[in-house]
Amino acid sequence: MQLKTILNRVQKFKSFVYKSVRWVGNEAAPELEVEVAERANGKPVCSGCGHHRPGYDRLAKRRFEFVPLWGIKVFLVYAPRRVECPSCGIRVEQLPWARGKRPLTRAYGWFLASWARRLSWKETAEVFRTSWESVFRSVEMAVEWGRAHQDLSGVQAIGIDEIAWKKGHKYLTLVYQIDAHCKRLLWIGKERKTKTLLR
Ligand SMILES: [Zn+2]
């Protein structure tokens, strides 16, 4: 079975295809690069408005880090097109696997964010040989997604807790839903004052 077959199984895109896979890096730190190309006749999507627009030109190739395979780092390689959009001007196309200019793919971001729930951010970065910044950005992505999709209907009981962070008595206030059918963290606020809770 080819790596492309596996990728198409775990993450298939409507408008892009996986091409050749090659070894890069060195003996001690091998890496895999997977070339990605747009499908023929596929018009790029404007990252400003999300509409299909005519192509304008193409930027240099970029690497987007994907979930590692058997401990080997995996990168998707693609040269993004720019579109000429009547409402947004010249814009880089929207890529379904990426978040703006971020070097991590969404898939790898979710992967790191899920491990960062079990391990400390520092441990997560060490285990997957990535930076603390990458883990932080991944958690941030997950939190942003959670906020945008948060549904507070049906919350009947809440609990409030505080945790100390850093040295020097800095606190965070945590608000949880504590209903029997659903226990989850709803909100985090700086400090532990009445003002904090009123927010
Ligand atoms: Zn646009």
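As the structure lists them, so they are numbered: ligands from 1, and atoms in each ligand from 1. What you see is a predicted model, and the numbers here were worked out from it, not measured in a lab. Just so you know, residue 1 is the first one in the sequence shown, and it goes up from there.
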Worksheet item: Under 30°, 30 to 60°, or over 60°: which ring-plane class applies to Trp132 and Phe136, parallel, tilted or perpendicular?
Response: parallel
Practice prompt. Tell me, please, whether Tyr56 has Arg82 positioned over its six-membered ring: NZ or CZ under 6.0 Å from the ring centre and within 45 degrees of its axis?
Written response: no
Fill in: Residue from Cys88, Ser47, Cys85 passing side-chain contact (heavy atoms from CB on, under 4.5 Å) with Arg53
Cys85
Item to complete: Taking only Lys NZ, Arg NE, NH1 and NH2, and the carboxylate oxygens of Asp or Glu, determine whether Glu38 and Arg58 approach each other closer than 4.0 Å.
Response: yes
Worksheet item: Going by chain and residue number, what protein N/O/S atoms come nearer than 2.8 Å to the Zn ion (ligand 1)?
Response: Cys46 SG, Cys49 SG, Cys85 SG, Cys88 SG
Worksheet entry | SB check Lys170 Glu191 (cutoff 4.0 Å) | no
Discussion item. With no hydrogens and no angle check, just 3.5 Å: does a side-chain donor-acceptor pair link Thr5 and Gln2?
Written reply: no
